[in-house]
Colleague: 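Have a look at this one before I ask anything.
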There are 2 protein chains.
Amino acid sequence: MNFNLDDIDRRILAALQRDATLSMDALAEAAGLSRNACWRRMRQMEGAGVIRGRVVLLDPAKVGCALQVFVMVRTSSHDAAWMEKFDRAVRILPEIVGAHRMTGDLDYVLRVRVADVPAYDAFYKKLIALVPLSDISASFVMEDNKDTTELPL
Amino acid sequence: MNFNLDDIDRRILAALQRDATLSMDALAEAAGLSRNACWRRMRQMEGAGVIRGRVVLLDPAKVGCALQVFVMVRTSSHDAAWMEKFDRAVRILPEIVGAHRMTGDLDYVLRVRVADVPAYDAFYKKLIALVPLSDISASFVMEDNKDTTELPL
DNA sequence: TATGAAAAACCACGATG
DNA sequence: CATCGTGGTTTTTCATA
């Protein structure tokens, strides 16, 4: 399941997590390696699925998703049919950027991105139309002290 | 604050959010534009900060962060000195990938990535050594139904 | 280290709505 | 008159011998 990383691999990944536009030369230097050796390692980690992909990150406010909401979902009915509906809703609704099943009786946390509070309300209505939910509580994010895609290495 | 996006911009961003390795030609085709026009728009959006950066995404399990934890933090002492300590801890600890101040009396949600439960305990000790916290409750993620960096456009 | 192929980065002009 | 498309040049980076 997990790939055996050494310090050099970690340096390569750390640099790429921060900025994937680095040229092979710059990356190799950051890792303390020759350009070629660095390229081979990167390629290997891509093949092994350690590197999942390359994406651009957008500024949420500038694309009209200024509001982030954590939605705690509790449900009494945890049968297969419900699960299916829930999965479908999560897949369909692009406002849901994270859906996490938690420890402690069927309990989900949703991370939701919308423009503002009215937009959240509209989202909420879409959600409950797709899945019967017994207990929902939304908490709005006032400020992000940190919000990164960089994993600790 | 927010950039005025049209449908073509949205198509460009949607494609890049999914895969930033697309060549200009492929991206232009996805957007229904010539290569150059597409490049001009992309550059503009980079300049405006709509595109924040390009990064690689890693597989958490394969780099030894299989466990994701949501930590709810409540504090009674919300003075400036405390805030400073908290900010510092958030900055210093790489296991914290998200720190969000929430609505409803000083309340934080931390998103934390660690290897396993013992690693979470070690993180917890580091955290409370850095900041006095009156009330912490951790919820462990059992399964991700969704976890994406793609914002709804 | 060298090298050929490919893509990106940029410029200028005329067309279009 | 913004923005498009075309077609060019120069530069960089890749990927491999």
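In what follows, chains carry the letters A, B, and so on, assigned in the order in which the sequence lines appear, proteins first and then strands, with residues in each chain numbered from 1.
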Colleague: Report the distance from atom CG of B/N4 to atom P of D/dA2, rounded to the nearest whole Å.
Modeller: 16 Å
Colleague: What about the rings of B/H100 and B/Y108, do their centers lie closer together than 6.0 Å?
Modeller: no
Colleague: Taking syn as within 90° of 0 and anti otherwise, name the glycosidic form of C/dA2.
Modeller: anti
Colleague: So do A/D135 and A/M72 actually touch side chain to side chain, heavy atoms under 4.5 Å?
Modeller: no
Colleague: State whether A/D7 and A/R11 are salt-bridged, where the test is any N-O pair (Lys NZ or Arg NE/NH1/NH2 against Asp/Glu carboxylate O) under 4.0 Å.
Modeller: no
Colleague: Are B/V63 and A/L153 close enough that some pair of their side-chain heavy atoms sits under 4.5 Å apart?
Modeller: yes
Colleague: Identify the nucleotide, in any strand shown, that forms a Watson-Crick or G-U wobble pair with C/dA2, with both distances under 3.5 Å; if there is none, say none.
Modeller: D/dT16
Colleague: Does A/K125 reach the side chain of A/D121, with side-chain heavy atoms less than 4.5 Å apart?
Modeller: yes
Colleague: Under a 3.5 Å limit for both distances, which nucleotide forms a Watson-Crick or G-U wobble pair with C/dT16, could you say?
Modeller: none
Colleague: First and last nucleotide of DNA chain C touching chain B, 5' to 3', heavy-atom cut-off 4.0 Å?
Modeller: C/dA8 to C/dA12
Colleague: Hey, would you say the A/Y120 and A/F140 ring centroids sit under 6.0 Å apart?
Modeller: yes
Colleague: Which residues, if any, of residues 20-45 of chain A bring a heavy atom under 4.0 Å of DNA chain C?
Modeller: A/N36
Colleague: Does any part of the side chain of A/T149, heavy atoms only, come nearer than 4.5 Å to the side chain of A/V55, both counted from C-beta?
Modeller: no
Colleague: Can you confirm whether B/E46 is buried at CD, in the sense that more than 12 heavy atoms of other residues, nucleotides or ligands lie under 6.0 Å from that atom?
Modeller: yes
